[in-house]
Each structure stands twice: as C-alpha cells, then as structure tokens.
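Heads up, the thing below is written out as structure tokens.
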Amino acid sequence: MAPTPHQAKTARAKLISGGKQPKARIARYLKTTESQLVEGAKASLLLRGIRCSDAMSTVLKDMRSVQSPHAKMLSKNNMILPFDDAGQQSLEFLTTKNDAALFAVASHNKKRPNNLIMGRTFDRRILDMVEIGILQYRSLGDFGGMPKKRLGSKPLLQFVGECWTSDVNLRRLQNLLIDFYRGDPVDSLVLSGLDHVMVFTAAEAGRLVGGQDARGTIIHQRTYYMKLKKDPKGGKAPVPYLTPSGPDMDFKVRRTQFASPDLWKLAIKQPAGVKAKKKKNQTTNIFGETIGRLHLEKQNIDSKTGKKSKALRLADMLEKQEEKAAIESELGREGAEMSNEFKQAYGFAPDV
C-alpha cells in the first residue's frame, strides 16, 4: 500500500531531523518546501567527490558563477558514489537539506579522469543522472578582461547537431542541460536582459583529445557574451555581436541513469490549476484577436411585436389609411375602365 501524503511528509521530516520526531521549526520549513502550482528557479548543489583535482574544482566554481544566484557549492570532499544505492541516499539527503533540485558531483581518478556527474531529483528522490568525461576545458579565468554575464540573467541555449534528436540519451541530456542553465521561468523577455549564449554542438569524432580516447559523440560547449547593437543595414531588430567569454568545454557521455517511463511521465505531469481551461467556440487568430462563435436557433422575427410609442402607433395608423385609400382608388379606376369597355361593346352601361 502506498503511503499517504501525511505519512510521506512525516517520513521526510524525520529524514531531515535525523530520524527523530520533527520540531516545529522543521515543520515550518517543510511547509515552505511543499509543491506549488508555479515553481520558481531550480537551485543546484555542487559537490566535490572522494578525490577532486584543482581543475575539477575550477569547473564547479565556474558552474556556480554561471548559475548564480541559484547555486550552492560545498567546499569539503564527500564520500559519495552517485551510482551506488548508498551514494544516492546521501545525495537525496543533501539535496533535501539544501533545498536543491539539481546537483553536480566532480571527481578525478585514474579510471575516470576529469569526471562530472550531473543529475536532478523529483519528490526528493533521484530522477536522472548523467556522467560525463571532460576532455578539454577553458575556465572563466582563461578569458581575462572579457565581459561576463550579469547576475541572474537568462541565457540563450542552442543545440546544434542531428544527434540531439536522433539519440534518446542525448535528448534526455538536452532536457537536463536546459534544466541546469535556464534560470528563472518567465513569461516574456526584455532584449536588454539577453547578454550571453550557450551553444552545445554534438559531433562524431575518432581521435585522441588531451591524451584521452575521444571516439564517439563529442559535445562541444561554448559560451559567448552577446551585445545587441543597431542594425547597420537599417533594420528594426538589433544585431547580436558575440564575444567568447567562457566557460568552454569538450566532453563525452560515460554513464547514464534515467528515470523509468512511468516515473518520467509522473515527473512531467502538470497540475490541473496550471493548464489553461479551453473555452468552447472561442479561438484566437494569427493577430491575437479573440473570435467567438454563437449557436442560436432560427428566430421568426416577422411574428415578433414590440411595444410602440403613441407617435409610432399614429404613424402606423396613418400609413394603413393611406394604403387603404390607394387600394380603393385603384379598384375604382379599374371598375370605370371595365364599365367603359362594356358600354363600347354592347351599347349600354352594365348594372352595378
């Protein structure tokens, strides 16, 4: 039997409080973390693995800068193996404690050098995880003096290559990357708020990169600072000028752990309150105008009479009198003509 929402909430409270009965402070915190109809930006938790080199620490720092202010980085090494059951429990505890739906674990060892595991949670449980191996990396520090993104600005994300649509794993990775870097959900954008572009290009390669085997699909991540200027040709839309600003990396996918179809369907389900209610017989044209259609029964307006004023009744009576006089005059004229024709034919007038 599945646990009730109250039981699940109590179990989650005990998990946060270390197995004890939750205090009032924890209960108030859990109330703020309950599901909402409109979710804000997803927070990410950046962790160091069992062994983490300085280069991978730089990767985490750059990710924090790109995702700021919705990212938190822990400085200590963590005895976590994300693809093990115990490691996943640790990640679920840490993400729940730090109220983060996204996480990234960086590590470095001989078997898997420059390793980065990115993942996300659903209902405080691990949903997706992707392990990537970084082949080449250029940090934000390598682009000294170049303009950088503003705090909290949203990026433009571009995915280049047929692999993003043909490969199932890359489609899920694309969805995960969008979740990581999209920032705050908004209904409309101001052009002045667009200041950087992130381009992910998937291509096939068959060579060694940095002494590592790079055969297979390689993903090239490039970040550009974007400045909008007036179109020199006189167009109304501004023209973007791109400047490489970092971070840039080349990586390949090593291991994946995606949600089952049933869990994925449950995770992407939207509440009924968010969906716009469809209105019958109402559509919107290409100009944004609302067009409605009315269905009415056929009405016999000839038999409908309304209340008339005294002036209208008098005018109606005079009109009927004139019409009656005109008819009588026409009948008299036709009678006289027939009487004359009869007299001419027979020599005497007919008896009336």
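Numbers here are sequence positions counted from 1.
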Check the surroundings of atom [atom1] in [X]: do more than 12 heavy atoms from other residues, nucleotides or ligands lie under 6.0 Å from it?
X    : atom1 : value
R150 : CZ    : yes
Q282 : CD    : yes
E334 : CD    : yes
N281 : CG    : yes
E162 : CD    : no

With sequence neighbours excluded, residues passing side chain to side chain donor-acceptor pair (under 3.5 Å) with R51: none
Taking only residues two or more places apart in sequence, or in another chain, which ones meet R222 in a side chain to side chain donor-acceptor pair (under 3.5 Å)? D250
Does any non-hydrogen side-chain atom of [Y] lie less than 4.5 Å from one of [X]?
X    : Y    : value
T217 : L170 : yes
I134 : M56  : yes
V197 : P155 : no
V199 : L157 : no
N175 : L173 : no
V66  : Y181 : yes
R138 : P244 : no
L194 : M226 : yes

With sequence neighbours excluded, tell me which residues meet side chain to side chain contact (heavy atoms under 4.5 Å, CB included) with [X].
X    : answer
S107 : N115
T121 : T95, A101, F103, I126
P232 : V239, Y241
K227 : Y225, K229

Could you walk me through whether V253 and N169 satisfy the side-chain contact (heavy atoms from CB on, under 4.5 Å) test, starting with their C-alpha distance in whole Å, then the side-chain angles of each, then the deciding distance to 0.1 Å, before giving a yes or no? CA-CA 9 Å; V253 178; N169 289 338; 5.9 Å; no
For S44, which of Q67, K72, H70, R64 qualifies under side-chain hydrogen bond (donor to acceptor under 3.5 Å, both in side chains)? Q67
Can you name the one residue among Q257, R254, R112 that meets side-chain hydrogen bond (donor to acceptor under 3.5 Å, both in side chains) with E131?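 With E131 as partner, Q257, R254, R112 yield a single side-chain hydrogen bond (donor to acceptor under 3.5 Å, both in side chains), made by R112.
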What pairs with D248 under salt bridge (Lys or Arg N to Asp or Glu O under 4.0 Å), at least two apart in sequence or on another chain?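 None.
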Checking the side chain of [X] only, and the main-chain atoms of [Y] only, is there a donor and an acceptor separated by less than 3.5 Å?
X    : Y    : result
K148 : M146 : yes
N98  : A100 : no
K154 : R182 : yes
H108 : N114 : yes

Hydrophobic cluster of [X], others only, ordered by chain and residue number, side-chain cut-off 4.5 Å:
X    : result
I327 : L331
I50  : M79, L81
L151 : none
F122 : L127, L263, W264, L266, I268

Is there a path of hydrophobic side-chain contacts, each under 4.5 Å between heavy atoms of I/L/V/M/F/W/Y residues, joining Y224 to F143? no
Does the side chain of [X] come under 3.5 Å of the side chain of [Y] through a donor N or O and an acceptor N or O?
X    : Y    : value
T165 : R171 : no
E289 : T284 : no
Y137 : D142 : no

To the nearest 0.5 Å, how far apart are [atom1] in [X] and [atom2] in [Y]?
X    : Y    : atom1 : atom2 : answer
D128 : M118 : CG    : CE    : 11.5 Å
L314 : E319 : CG    : CD    : 11.5 Å
T283 : R293 : OG1   : CZ    : 7.5 Å
F258 : L176 : CZ    : CG    : 7.5 Å
K42  : F180 : NZ    : CZ    : 10.0 Å
S75  : L60  : OG    : CG    : 11.5 Å

Between [X] and [Y], which heavy-atom pair has the shortest distance, and what is it?
X    : Y    : value
S68  : K149 : O-NZ, 4.0 Å
D184 : A41  : OD1-CB, 3.2 Å
G49  : C52  : N-CB, 4.3 Å
S245 : P147 : CB-O, 3.4 Å
A71  : L46  : CB-CD1, 4.5 Å
T58  : S139 : CG2-CB, 3.6 Å

Are [X] and [Y] within salt-bridge range, i.e. N to O under 4.0 Å?
X    : Y    : value
R333 : E330 : yes
D179 : R120 : yes
R124 : D99  : yes

Given side-chain hydrogen bond (donor to acceptor under 3.5 Å, both in side chains), test T256 with R172 step by step and report yes or no. CA-CA 10 Å; T256 60; R172 297 290 286 271; over 6 Å; no
Partner residues of W164 under the ring pair (Phe, Tyr, Trp, His ring centres under 6.0 Å) criterion, sequence neighbours left out: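 For W164 the ring pair (Phe, Tyr, Trp, His ring centres under 6.0 Å) partners, ignoring immediate neighbours, are F159.
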With side-chain contact (heavy atoms from CB on, under 4.5 Å) as the test, would you mind laying out the steps for H196 and S153 before giving the verdict? CA-CA 8 Å; H196 67 295; S153 63; 3.5 Å; yes
Trace of the side-chain contact (heavy atoms from CB on, under 4.5 Å) decision for E92 with R125: CA-CA 6 Å; E92 291 169 356; R125 296 294 181 266; 3.6 Å; yes
Verdict with reasoning, L177 to F200, per side-chain contact (heavy atoms from CB on, under 4.5 Å): CA-CA 10 Å; L177 291 173; F200 298 90; 3.9 Å; yes
